[in-house]
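Note sheet for the following structure.
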There are 2 protein chains.
Amino acid sequence: MVRIKDVAKAAGVAPSTVSLVLNKKGYVSVATRKKVEAAMAELNYIPSEVARNLSLSRTNTIGVVMPSAAHPFFGEVIEALEAALYEQHYKMVLCCTHDNGETERNFVDMLKRRTMDGIIMGAHSLDVSLYDNIKQPIVAFDRFINNDIPIIHCDHEYGGRLAAEAFLQHKCHHLVEIIGHHAVKSPANAYHRVCAELLQAHGIKVDTIERPWNEVSYQSFLTVANRLFTVYPDVDAILGSDLSVSACLQVAKSKGLRAPQDIRMVAYDGTLVTQMGLEPITAIRQPVRDLAKLAVQKVIERIEGKEIDGPWMIKPQLLRGTTC
Amino acid sequence: MVRIKDVAKAAGVAPSTVSLVLNKKGYVSVATRKKVEAAMAELNYIPSEVARNLSLSRTNTIGVVMPSAAHPFFGEVIEALEAALYEQHYKMVLCCTHDNGETERNFVDMLKRRTMDGIIMGAHSLDVSLYDNIKQPIVAFDRFINNDIPIIHCDHEYGGRLAAEAFLQHKCHHLVEIIGHHAVKSPANAYHRVCAELLQAHGIKVDTIERPWNEVSYQSFLTVANRLFTVYPDVDAILGSDLSVSACLQVAKSKGLRAPQDIRMVAYDGTLVTQMGLEPITAIRQPVRDLAKLAVQKVIERIEGKEIDGPWMIKPQLLRGTTC
DNA sequence: ATGAAAGCGCTAACAC
DNA sequence: GTGTTAGCGCTTTCAT
């Protein structure tokens, strides 16, 4: 391994000088710069980033915690975060919790060990006390953690309103909402609340059905969809996440129901899933790229010592499909 | 910040002793261990991983390079790799290249700077010379790079055979294969070749249609699907990746074609996408978790200095749907 | 404009 | 068993 001092020796200068040309800092005469650069090329020198990190107490790495990478929505989020981080010259280390508390704990430990300069937290753990004594910058992605941790999310109340407006363009009598497990404290719950309120104000009956904790197979979405139609046979409007609604559409079709004539459906998230079936599902699209950019910008501001407040929100958008 | 020497001072011992208890190495009397542990707790000591990394010349981090995280297949792969790495106490830093050579180059640079102990490379770059002078361990994931870099992949020839067998259970006359861009050198091309050969041996006509480079929107899959039906109106069998076939199914339905009576389709990969539409698509499922585990095992063996050979393959599996 | 030297926080060889 | 000490490779202040 060739070190900075090897380059210095070869170039006949001091290590500090090499460091200066390496980082394009300070004043170095053109002549010595040339010598140093020649020596670096000659020796095929590559600086050790770890040594640099230790010296600077900064790793240019930020940790991203998500429930899963295989889920279409989180896959998109991860992609967008990685791109935004890359643009700011940060590396992303990814942790998928699979809704497992221990995984999350371990990851937060890594953060504490200063492997990373900051964290973007998008998982839904149950134990929020994990985050009590952390000095490093954290921002939460669509998730409440505590009052010290700023949160970036989509304007879900507005999303709920968009969904309600879509439903109200048709005659519905009974909306069923497929909601996440009640233990998950997410700002996203707001869209269900708002949509329910608006429809109830128009005399529409609203029921909810809850998804099991930590079940991610598509089969489990089909199970819930089937239960929905069994428990509420007169349902004529459904609101839920992309996968939930996709499964409902599948079940509805198998029962010979047509959308939007017999039943209306709005999917929340608007990932690929809603575009991919035999008909495009009407969806509320979360502005994933913008959310990711904002989250990245905010962690970095915190890393750089700026005081930031939050929360921050971005409005979602209606993607008109054929199901509502 | 509290350092190891602070703990040492507080406990009345030497830093090296603290290091020993920290790493559960060597022999430390129970009494001093207790003292040290008390001091660590008292001071709320958290070791710096960066310093440790520098000292050990090892980061316990490995880089994963994939074309995208938003794509269902790569999302699954990333998830599986992360889980496998986590189990081995490795962190994953993720790079999505978006088929962009510069991104990849930058990432390989990071590797050279020894930020990471190794790389799992699953992207399809065009410039393979990038990998010429790398000392760190690399394994390729479903991708040919060069003869020095071992490769892990699914047994695609077997996959092609499975697909052919599925088609041959029906009467087909004209298979169209949707293939990736010709610049991508992937072992996965084998399944197209093998399936084509087997069907041609039965007198079935085979054509191919090539996907554009670096187009990832679902819209682009629909475009290709539409072109397929325009160019080959008598097509009655289609083989392609999940998204390609999903788009074809959508177009076929819109033309009133029924599967498998009028047209047969087999999707390669077998992600969520094939389960999600209105009918399950018959698919060749890549054993993603096993591939990921194997890839992780092999990079780690290389990191630990073991000589490994490769290539390694794992057999795919037929998922019977209703489309063939 | 360049060099000497101290430090970033930890590990490990060696001495006691 | 425990302490001393010399690294790991880079950055940066302070002289010159």
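Every chain is numbered from 1 and lettered A, B, ... according to where its sequence line falls, protein lines coming before strand lines.
- One finds no salt bridge joining E304(B) and R58(B) here, because no Lys/Arg side-chain nitrogen approaches an Asp/Glu carboxylate oxygen to under 4.0 Å.
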Under 3.5 Å, N/O pairs linking protein and nucleotides 5-8 of chain D:
residue : atom : partner : partner atom : Å
dG7(D)  : N2   : S55(B)  : OG           : 3.1

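- At whole-Å resolution of the value, CD1 in I4(B) and C1' in dG3(D) are 13 Å apart.
- Of the listed nucleotides (dC10(C), dT2(D), dT11(C)), dC10(C) has the atom at the smallest distance from the side chain of P47(B).
- Nucleic acid contact for N23(A): sugar-phosphate only, since backbone atoms but no base atoms lie under 4.0 Å from a heavy atom of the residue.
- Interatomic distance, I151(A) CD1 to F144(A) CZ, rounded to the nearest 0.5 Å: 5.0 Å.
- Counted within 6.0 Å of NZ on K298(A), heavy atoms from surrounding residues, nucleotides or ligands total more than 12; the atom is thus considered enclosed.
- Between the CZ atom of R58(A) and the P atom of dG9(C) there is a distance of 16 Å, given to the nearest Å.
- Atom CG of N60(A) is separated from atom P of dT11(D) by 13 Å (rounded to the nearest Å).
- Residue contacts for V18(A): at a heavy-atom cut-off of 4.0 Å it reaches no nucleic acid atom on any strand shown.
- Salt bridge annotation for D6(B)-R3(B): present, with a cationic side-chain nitrogen under 4.0 angstrom from a carboxylate oxygen.
- Residue contacts shown for S29(A) are limited to sugar-phosphate atoms, with no base heavy atom under 4.0 Å away.
- The number of heavy atoms from other shown groups lying within 6.0 Å of NZ (K35(B)) is above 12.
- For K25(B), whose side chain is taken as the heavy atoms from C-beta onward, the closest listed nucleotide among dA12(C), dG3(D), dC10(D) is dA12(C).
- With hydrogens and angles left out, the side-chain atoms of D117(B) and T59(B) include a donor and acceptor closer than 3.5 Å.
- Atom NZ of K9(B) sits in a sparse spot, with 12 or fewer heavy atoms from other residues, nucleotides or ligands closer than 6.0 Å.
- For S48(B), the side-chain atoms get nearest to dC10(C) when compared with the rest of dG3(C), dG1(D), dC10(C).
- Residue-to-nucleotide proximity on DNA chain D shows that, of L20(B) and R114(B), the 5′-proximal contact is made by L20(B).
- For the helix from dA1(C)-dT16(D) to dC16(C)-dG1(D), the end axes, each set by the C1' atoms of five terminal pairs, are bent relative to each other by 40° (nearest 10°).
- In this structure, the side chain of R143(B) engages the main chain of A123(B) through a donor-acceptor pair within 3.5 Å.
- For the pair T17(B) and dG1(D), the criterion of a side-chain N or O lying under 4.0 Å from OP1 or OP2 is not met.
- Nucleotide dT2(D) holds its C1' atom 13 Å from the CZ atom of R33(B), rounded to whole Å.
- Note: CZ (R113(A)) to C1' (dT11(C)) measures 16 Å, nearest angstrom.
- The separation between Y27(B) atom OH and dG3(D) atom C1' is 19 Å, rounded to whole Å.
- The aromatic rings of F73(B) and H71(B) stand perpendicular to each other, their planes meeting at an angle above 60°, with 30° marking the opposite boundary.
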